[in-house]
Amino acid sequence: MIADGLLIVDPIEPEQIQPASVDVRLGNEFLVFRNHTCDVIDPYDKPSDLMEKVAVKEGQAFVLHPGEFVLGTTLEVVGLPDDLVARVEGKSSLGRLGLLIHATAGFVDPLFKGQVTLELSNVATLPIKLWPGMRIGQFSFHKIDKSVERGYGHPELNSKYMDQSGPVASQYNRNASS
């Protein structure tokens, strides 16, 4: 599908293609919480200064401390056709060190295009160095039985993250309150 242009994973190296998945690498930008400026998170009224962007310079690592949660991004842009979904999964070797790469957002809908935001958590008791460009996770792809009627980005769906670049903070406040 990649060779035929039906599935986009860009940039990609041949060694990223695994038997049943495609490895993805870590980008160099992170969104970190500004705990010193906010006392609470209200999903419907998100403070404008809740998070700040940190760009890691080439040759340096981002240190994720125990219990810390930050947003990262894949280096790759993924673009799905209308009959394919993707699952974001961690790498077993990194999970065994205590690194989780998604809390709940592990599903990529048909017709999504963009970099994928990673929800990075350290559940270990020691800090973990995250190196931009390292293989951080993998996408597994699942063909569905027919094309979707309303793919990601359809005007009726309130899709918030189409064409995202870099880590993107929660857009929950764009939902209708209930």
Side-chain angles (χ1 to χ4, degrees), residues 9-78 80 85-109 112 114-142 160-161 164-175:
V9 181
D10 186 48
I12 191 167
E13 302 295 330
E15 61 270 10
Q16 288 176 252
I17 300 174
Q18 300 300 315
S21 63
V22 173
D23 285 346
V24 291
R25 297 165 292 181
L26 183 63
N28 73 326
E29 293 182 339
F30 300 86
L31 285 176
V32 299
F33 284 98
R34 301 185 73 200
N35 297 338
H36 62 284
T37 62
C38 299
D39 60 347
V40 68
I41 298 171
D42 180 347
Y44 288 113
D45 187 20
K46 189 177 64 167
S48 61
D49 63 347
L50 179 64
M51 302 183 94
E52 66 181 296
K53 188 175 283 189
V54 173
V56 176
K57 295 178 183 173
E58 188 173 338
Q60 294 185 350
F62 181 91
V63 177
L64 187 64
H65 293 275
E68 192 172 19
F69 175 85
V70 301
L71 298 179
T73 185
T74 59
L75 178 65
E76 294 79 13
V77 169
V78 64
L80 300 179
V85 299
R87 293 283 313 162
V88 179
E89 301 293 345
K91 297 292 291 176
S92 172
S93 296
L94 294 173
R96 294 167 196 227
L97 298 174
L99 180 66
L100 307 178
I101 71 162
H102 74 82
T104 61
F107 189 81
V108 184
D109 285 305
F112 172 85
Q115 289 177 303
V116 174
T117 296
L118 303 171
E119 303 158 335
L120 302 167
S121 295
N122 179 354
V123 297
T125 56
L126 296 170
I128 300 172
K129 284 187 174 182
L130 302 178
W131 296 92
M134 71 186 288
R135 291 188 202 184
I136 193 78
Q138 55 197 336
F139 291 158
S140 60
F141 300 96
H142 306 275
K160 301 172 203 63
Y161 306 105
Q164 66 186 12
S165 178
V168 176
S170 171
Q171 302 297 308
Y172 192 85
N173 59 319
R174 291 178 46 196
N175 292 338

- [ ] Quick one: pull up CG in Leu99 and CD1 in Ile128 and give me the separation to the nearest 0.5 Å.
- [x] 5.0 Å
Task: ring pair (Phe, Tyr, Trp, His ring centres under 6.0 Å) partners for Phe30, two or more places apart - done: Phe62
Task: Counterpart residues, ring pair (Phe, Tyr, Trp, His ring centres under 6.0 Å), relative to Tyr161 (two or more places apart) - done: none
- [ ] Keeping to residues at least two apart or across chains, list the side chain to side chain donor-acceptor pair (under 3.5 Å) pairs with something in residues 117-129.
- [x] Thr117-Gln164
TODO: I would like to know whether Val88 and Val108 meet side chain to side chain contact (heavy atoms under 4.5 Å, CB included); could you show each step before the answer?
DONE: CA-CA 8 Å; Val88 179; Val108 184; 3.9 Å; yes
Open item on the list: Rounded at 0.5 Å granularity, tell me how far CZ in Phe107 sits from CZ in Arg87.
Closed with: 7.0 Å
TODO: Just do the side chain to side chain contact (heavy atoms under 4.5 Å, CB included) check on Leu50 and Ile41 with the steps written out, would you?
DONE: CA-CA 8 Å; Leu50 179 64; Ile41 298 171; 3.8 Å; yes
Open item on the list: How close do Gly72 and Pro167 get, counting heavy atoms only, and between which atoms?
Closed with: O-CB, 3.5 Å
Task: Minimal non-hydrogen separation, Ala61 against Pro132, with atom names - done: CA-CD, 4.5 Å
Open item on the list: Within the 3.5 Å criterion, strictly below it, is a donor on Ser140 or His142 matched to an acceptor on the partner's side chain?
Closed with: yes
- [ ] Kindly state each residue pair satisfying salt bridge (Lys or Arg N to Asp or Glu O under 4.0 Å) with at least one member in residues 91-107, sequence neighbours excluded.
- [x] Asp23-Lys91
Open item on the list: Can you tell me how far apart CD (Glu13) and CZ (Arg135) are? Round to the nearest 0.5 Å.
Closed with: 9.5 Å
TODO: Please name the pair of heavy atoms, one in Leu130 and one in Leu120, separated by the smallest distance, quoted to 0.1 Å.
DONE: CD1-CD1, 4.0 Å
Task: Spacing of Leu26 atom CG and Ile136 atom CD1 [to the nearest 0.5 Å] - done: 4.5 Å
TODO: Kindly state each residue pair satisfying side chain to side chain donor-acceptor pair (under 3.5 Å) with at least one member in residues 55-76, sequence neighbours excluded.
DONE: Gln16-Glu76, Arg25-Glu76
- [ ] Applying side chain to side chain contact (heavy atoms under 4.5 Å, CB included), run through Glu29 and Val54 and close with a yes or a no.
- [x] CA-CA 6 Å; Glu29 293 182 339; Val54 173; over 6 Å; no
- [ ] State the CD-NE2 distance between Glu89 and His102, to the nearest 0.5 angstrom.
- [x] 4.5 Å
TODO: Considering non-hydrogen atoms only, spot the tightest contact between Ala124 and Leu97 and give its length.
DONE: CB-O, 3.3 Å
Open item on the list: Quick one: does any side-chain atom of Gln115 pair with a main-chain N or O of Gly166 as donor and acceptor, under 3.5 Å?
Closed with: yes
TODO: Kindly compute the distance separating CZ (Phe69) from CG (Leu31), expressed to the nearest 0.5 Å.
DONE: 10.0 Å
TODO: Go through the structure and list residues passing ring pair (Phe, Tyr, Trp, His ring centres under 6.0 Å) with Phe141, not counting sequence neighbours.
DONE: none
Task: Side-chain donor or acceptor of Gln171 paired with backbone N/O of Val168 under 3.5 Å - done: no
- [ ] Check the pair Leu75, Val24 against side chain to side chain contact (heavy atoms under 4.5 Å, CB included), reporting the backbone distance first and the verdict last.
- [x] CA-CA 7 Å; Leu75 178 65; Val24 291; over 6 Å; no
